Visitor: 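Sending over a structure as structure tokens; questions will come in a sec.
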Amino acid sequence: MFRSCHSVEDVGVALDFVRKINDGDGESKFKLRVKGYNTLLMLLAKFCLVDEMKWVYSVMLKNTIVPDIYTFNAMVNGYCKVGNVLEAELYVSKIVDAGLRPNTFTFSSLILGHCRKRDLDSAYRVFTVMPIEENKLDDARRLLDGMLENGLVPSVVSYSAMINGYCKEGLMEAAFEILGLMESNNISPNARIYGELIYGFCKKKDVHRAMALLNKVLERKLSPSLITYNLLIHGQCRAGHFDTAYRVIGLMKECGLVPNQWTYSVFIDTLCKRGSLEEAHIMFESLKEKGIKANEVIYTALIDGYCKAGKIENAHSLLERMLIDDCFPNSYTYNSLIHGFCKEKKVKEALSLEEKMVKMGVHPTVRTYTILIEGLLKDGDFDHAHRLLDRMVSSGYKPDVFTYTAFIQAYCSTGKLNEAEDWMVKMDEEGIVPDSVTYTLLIRAYANLGLVYSAFDVLKRMFDAGCEPSHHTYAFLMSHLSKKKWMKENSDVMGLYLVSNVTFVEVADVWKMMEFDTAVELFETMLKHGCAPNVNTFGKLIIGLCKVGRFAVAQRLFDYMRERGISPNEDIYNSLLKCCCGLGMYKEAVRLVDAMIEHGHLPHLESYKLLLCGLYDEGNIEKAKAVFHNLLDCGYNNDEVAWNIFIEGLLKKGFGDGCSELLSIMEEKGCQVHPQTYSMLVEGLDGI
DNA sequence: GTAGGGTTAG
């Protein structure tokens, strides 16, 4: 009877029906069979309404309906979706108690549940604290492997849940291993499976691999979904490739897919984050003529953009427009505005907005409280901040790493290191793991007070906790090591500033001033403190140097690390490559590209573009051809290659001949280019 | 008769 229910509104109607059954005396005219209950339970699971599920289940038992495998599976699925594996396992045992056997569906749900075990978002009120399990993916994996042992055949869904789990964590090799596993078990991956992998690459900011995978999906005549395209657009936007993101819209339209709210929210959000508020607003206003109604995410992106730009008035009027537009603001919307007020030192307004939010029926979240606490602390009102913390805890909200870090930052910036350390202890007792920002704040504070040993001691704690130091962490440590030297060299105090009477160097300037010897001093001090510099240590330094064009020092470090038997990773190679292309050192760039390919790394297309243009500029045509040949074997999406190298590169730089030459290499190799790109190329070549 | 994906702090 609930088969036609699909929306949250339907759920309400269905629940009302069950309520009537529950209110009846058993002789009621409202009766439901097991199938009806099951359908309702699945529907509730779809919307993650586990409390309602539990109630429906109890009504079912009260009415002496015997649950079947579908009932139990629905319960397992619901709890797994919200990451509550403990509760889900309770229903698995009920399956066994009932003399039934868990099936493929049960296992697929459990795999999903284990992958989500830690996903209980701090944005929600969490009353039951789930145990944190580091090896949640291993547990999921054991379940997948255990299926065969139990005589069950994993389905596409079982594999996809596992692949999604790995992709979310950026473990692409493991994800591809699962792909291999399913293929060897004769299950052919569908578009959804590839969609998961594309998501993984996008999440890792490896958009080129994501695009190459898209090509593979299309070659296999599978249809990528709107979600997949949206993910690609998001990935391209985040990588700063705005033009490419627009091209992806073209590609999706060709497949008959229509960009939706999500698509535009990505664009609008990206524009806002880049500070292009006007452009974002123009796109927002153009939605109507596209037949798209702005949703709360779109409004929030724009509101957030205005708040970050300090234009609270505009943000506020958007909130009003939102309400007129029948678009309901959510906690994210209010959080953006509250944050905006705090940033402008208007904590009072921020606090009253929180009250308003509650009145509007929107629940504050951990984030709301944290933003307010941070605002109060930055305002120097420690008392109020503590009171608010008490209020949040007593209302059942669990402070997270951001909340604790706000306090630690406040104590660090006032030089109260003992209090800051007390908060580290408190955090540990609550089972909250500090992140690199937390540790780096402490390191900076110790360094500012001239306590080198303590600063490096915190680094050791970081290493021991398995927390990866950021480039900020290393920059603060180095600026301290070289402080006296740098101060002398910069007697005009350029790039130096004062905090609590201690002078130190701005992070951005560390890379500009850093010499090779400083790095060596860092490594030696690290070793003395029991932290051996690893590939990431070198990576942070090399990438930092490359960003400011310090190729010579970066290369020395690169050689230094290799001499010590540490192999550079793809990011290190790419930053070096980008740096020397930018400096016009094309011979060196060619050497790097060759070395990368030899080690199985993928050189960025942007660097190839610069390199090929550079080689043509130097008249080194044969070298350019050879480099392009190798590029075509890298497995890139050929259309993307053509677009980047020809249209964005050679044609724009006026190397039409080079463009024709390289295009013929593509044709010789049988590389397919999209007809639209091809006609643009021909047009471009004619124009020269 | 069941299911699997995606935004938004310091």
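This is a predicted model, so every value here is computed, not measured. Every chain is numbered from 1 and lettered A, B, ... according to where its sequence line falls, protein lines coming before strand lines. Just so you know, these numbers use all the heavy atoms, side chains as well, and skip hydrogens, waters and symmetry mates.
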Visitor: Between A:Gln261 (CD) and B:dT7 (C1'), how many Å, whole number?
Guide: 13 Å
Visitor: Who passes ring pair (Phe, Tyr, Trp, His ring centres under 6.0 Å) against A:Phe242, sequence neighbours left out?
Guide: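 Partners of A:Phe242 by the ring pair (Phe, Tyr, Trp, His ring centres under 6.0 Å) criterion, ordered by chain and then number, come out as A:Tyr246, A:Phe267.
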Visitor: Please list, chain by chain and in numerical order, all residues satisfying side-chain hydrogen bond (donor to acceptor under 3.5 Å, both in side chains) with A:Asn230, sequence neighbours excluded.
Guide: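 Applying side-chain hydrogen bond (donor to acceptor under 3.5 Å, both in side chains) to A:Asn230 gives A:Asn260, A:Thr263.
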Visitor: Salt bridge or not for A:Lys204 and A:Glu173, using N-O below 4.0 Å?
Guide: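 Salt bridge: no.
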Visitor: Starting at atom CG of A:Asp68, determine the distance to atom C1' of B:dT2, rounded to an integer number of angstrom.
Guide: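 Atom-to-atom, A:Asp68 to B:dT2, this comes out as 10 Å.
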Visitor: B:dT8 C1' sits how many Å from A:Ile338 CD1, rounded?
Guide: 14 Å
Visitor: Kindly say whether, by distance alone, the side chain of A:Thr405 makes a donor-acceptor pair under 3.5 Å with the base of B:dG10?
Guide: yes
Visitor: Could you work out, with side-chain hydrogen bond (donor to acceptor under 3.5 Å, both in side chains) as the rule, every residue matching A:Tyr166, not counting sequence neighbours?
Guide: none
Visitor: Looking at residues at least two apart in the chain, or sitting in another chain, which of them share a salt bridge (Lys or Arg N to Asp or Glu O under 4.0 Å) with A:Glu177?
Guide: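 Checked A:Glu177 against salt bridge (Lys or Arg N to Asp or Glu O under 4.0 Å); matches are A:Arg141.
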Visitor: If I take atom CD1 in residue A:Ile268 and atom C1' in nucleotide B:dT8, what distance separates them, rounded to the nearest angstrom?
Guide: 14 Å
Visitor: Is the base of B:dT2 touched by the side chain of A:Asn103 through a donor-acceptor pair closer than 3.5 angstrom?
Guide: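 Yes, a donor-acceptor pair under 3.5 Å.
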Visitor: For DNA chain B, find the residues of residues 193-203 of chain A with a heavy-atom distance under 4.0 Å and give them by number; none if there aren't any.
Guide: A:Ile193, A:Gly195, A:Glu196, A:Tyr199
Visitor: Regarding B:dA3, can its base be found pairing with the side chain of A:Ser155 as donor and acceptor, where the two atoms are less than 3.5 Å apart?
Guide: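 Such a pair is found, so the answer is yes.
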Visitor: Check side chain to side chain contact (heavy atoms under 4.5 Å, CB included) between A:Ala280 and all other residues, then give those that pass, not counting sequence neighbours.
Guide: A:Ile268, A:Leu271, A:Cys272, A:Leu302
Visitor: It should be established whether A:Lys308 places a side-chain nitrogen or oxygen under 4.0 Å from OP1 or OP2 of nucleotide B:dA9.
Guide: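 For B:dA9, OP1 or OP2 has a side-chain N or O of A:Lys308 closer than 4.0 Å.
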Visitor: With a 4.0 Å cutoff (strictly under), does any side-chain N or O of A:Lys168 reach OP1 or OP2 of B:dG6?
Guide: yes
Visitor: Is the phosphate of B:dG4, meaning OP1 or OP2, less than 4.0 Å from a side-chain N or O of A:Lys81?
Guide: yes
Visitor: Mind checking whether A:Phe407 and A:His386 have parallel, tilted or perpendicular rings, split at 30° and 60°?
Guide: tilted
Visitor: Is A:Phe402 stacked against the base of B:dG10, taking the criterion as centroid distance under 5.5 angstrom and interplanar angle under 30°?
Guide: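 According to the criterion (under 5.5 Å, under 30°), no, A:Phe402 does not stack.
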